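All figures in this text were calculated on a predicted structure; none of them were measured in a lab. First listed ligand is number 1; within each ligand, the first listed atom is number 1.
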Amino acid sequence: MQSKSFIPPVRTLMGPGPSDVHPRILGAMARPTIGHLDPQFVAMMDDMKHLLQYAFQTSNQLTIPVSAPGSAGMETCFVNLVERGEKVVVCQNGVFGARMKENVERIGAEAVMVEDAWGAPVDPDKLETALKNHPDAKVVAFVHAETSTGVQSDAATLCKIARAHDCLSIVDTVTSLGGTPVQVDEWGIDAVYSGTQKCLSCTPGLSPVSFSERAVDKIKNRQSKVQSWFMDLNLVMGYWGEGAKRAYHHTAPINALYGLHEALVVLQEEGLENAWARHRRNHNVLRAGIEAMGLELIVQAEYRLPQLNAVSVPAGVDEAQVRKRLLQDYQLEIGAGLGALAGKIWRIGQMGYASNSKNILYCLGALDAVLSSMNAPINSGAAVKAALEQLNS
Ligand SMILES: *Cc1c(COP(=O)(O)O)cnc(C)c1O
């Protein structure tokens, strides 16, 4: 059978990622492919490092995109900074902390878990206690913005505690980067990873990472080789390192990197502070609509992520059916709950380019229409009105 070209439908992406990709980024990715050692490409790579340093608010030299998605950025941090037999304190308050534990255990290291409820932030006191009980711990790892629950933890405080106990910190900022403040140097983060498809509005598949000098020291002075050849930063640096001399490590995803470069230029043009303020403002507009409809945000106000809203499903409503109707009838994607929150919440993302008033009004209107048609117990007609009032206030 002769297959045809795949033409995807045009959707509005308001889930936990990927989020809507900025048209300028899609345009950049369609530019001609050049060689990964072409001097012009190498110059673009150097510029990209500066743009990433801006996004992460760091002067770390080792600030590059890993050629694979956020999960690979996570793994890059763990396999380079943790050695077999070491102890790592992993704070878990959602899905992604469990993956950190997996990473630690697969290295042959020991994960000491600090657990908090899904929907709550990481408790700094619990971390402090764990470090007192395990003075031999070498690394502390936690998720800054838990996409599974819509909660932000206090990264500055957690990193300070880690440093006071002479531990390196590994911080997941996949969902926070570009949406809420991430201050790598000010907070003293030692290793950080992010993703392209959330608040950077780029396509999925790359993971920006950055490492402090303390972290680089540890990587250079390891007792054993990094277990992953592909992720061994000692080797990757031969290609991404300073200067004109670049050695082939792997063929860089050229066009994907054009996309990330454009995404970072777009972010620089808007300005980080303006991007954070826009996410906050638009979150308040969506919140006004959601609450007027009679639904609730499950996370306590002070810990809410503006770019990822965990919304309670009204009693008696089949949440999967609602998402199906939104996709079929309105080309709108929102996310389901995961793990302990499966069936109980929707996750409405307002990430990067997708965080705009048009999307909010569209989402509230479509959600109202679908829930009303299913006779769900909501205040039909109130959401868009309340959102407009907030928008104009
Ligand atoms: C999305 C996400 C990841 C994984 O990123 P992928 O690009 O899907 O591999 C990791 N951590 C958090 C907090 C995320 O939201």
Side-chain angles (χ1 to χ4, degrees), residues 13-21 25 52 55-56 64-79 90-104 106 116 118-122 141-155 158 169-182 189 191-210 228 230-231 253 256-257 259-260 263 279 299 303-310 333-341 345-352 354-355:
L13 301 181
M14 295 183 73
S19 55
D20 286 344
V21 177
I25 294 167
L52 282 176
F56 276 128
I64 60 169
V66 170
S67 301
S71 305
M74 177 190 283
E75 193 150 341
T76 296
C77 290
F78 281 92
V79 296
V90 174
C91 305
Q92 183 183 3
N93 62 338
V95 165
F96 292 98
R99 293 190 177 184
M100 290 178 153
K101 178 171 186 269
E102 268 294 313
N103 270 278
V104 170
R106 283 173 191 234
D116 278 292
W118 288 49
V122 174
F142 65 90
V143 178
H144 179 218
E146 234 321 329
T147 323
S148 60
T149 62
V151 165
Q152 183 158 272
S153 290
D154 181 352
L158 296 172
S169 52
I170 296 178
V171 185
D172 178 320
T173 63
V174 175
T175 283
S176 43
L177 190 69
T180 46
V182 174
I189 300 177
V192 64
Y193 60 91
S194 190
T196 42
Q197 76 277 32
K198 302 199 182 178
C199 295
L200 296 180
S201 315
C202 190
T203 52
L206 294 173
S207 176
V209 295
S210 183
S228 158
F230 184 72
M231 292 176 191
L257 289 168
L260 176 57
H279 282 88
V299 175
Y303 307 123
R304 276 177 204 154
L305 278 172
Q307 62 273 51
L308 199 281
N309 301 273
E333 180 177 282
I334 64 170
L338 296 176
L341 296 170
I345 60 165
W346 290 297
R347 291 180 299 152
I348 303 183
Q350 296 182 288
M351 297 183 178
S355 171

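In terms of modelled atom types and a separation under 3.5 Å, the side chain of Thr147 and the main chain of Thr175 share no donor-acceptor contact. One N or O on the side chain of Ser19 and one on the backbone of Lys198 form a donor-acceptor pair closer than 3.5 Å. Listed for the Ser153 side chain is no donor-acceptor partner under 3.5 Å among the backbone atoms of Pro121.
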- Message: Let's go through Glu333 and Met14 carefully: what are the C-alpha distance in whole Å and the side-chain angles of both, what is the deciding distance for side-chain contact (heavy atoms from CB on, under 4.5 Å) to 0.1 Å, and is it a yes or a no?
- Response: CA-CA 6 Å; Glu333 180 177 282; Met14 295 183 73; over 6 Å; no
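Taking a 4.0 Å cut-off on heavy atoms, Gln197 registers as neighbouring ligand 1.
In the candidate list Gly70, Gly195, Gly94, Ala72, Gly70 is nearest to atom 6 (P) of ligand 1, counting heavy atoms.
Nearest protein heavy-atom contact of atom 1 (C) of ligand 1 is Lys198 NZ, 1.5 Å. Nearest to atom 11 (N) of ligand 1 among the protein's heavy atoms is Asp172 OD2, 2.6 Å. Of all protein heavy atoms, the one lying nearest to atom 3 (C) of ligand 1 is Phe96 CE2, 3.4 Å.
Between Asp172 and Phe142 the shortest side-chain heavy-atom distance does not fall below 4.5 Å. With contacts defined as side-chain heavy-atom distances shorter than 4.5 Å, the pair Val143/Met100 qualifies.
Here Pro16 has no heavy atoms under 4.0 Å from ligand 1, in either its backbone or its side chain.
Close approach of ligand 1 to Thr175 is summarised as follows: ligand atoms under 4.0 Å from at least one heavy atom of the residue are 15 (O). Contact atoms of ligand 1 toward Thr147: 12 (C), 13 (C), 14 (C), 15 (O) (distance under 4.0 Å to a heavy atom of the residue). Listed by number with element, the atoms of ligand 1 under 4.0 angstrom from any heavy atom of Ala145 are 13 (C).
With Asn309 as the partner, the side chain to side chain contact (heavy atoms under 4.5 Å, CB included) test is satisfied by one option alone out of Gln350, Arg304, Arg347: Gln350.
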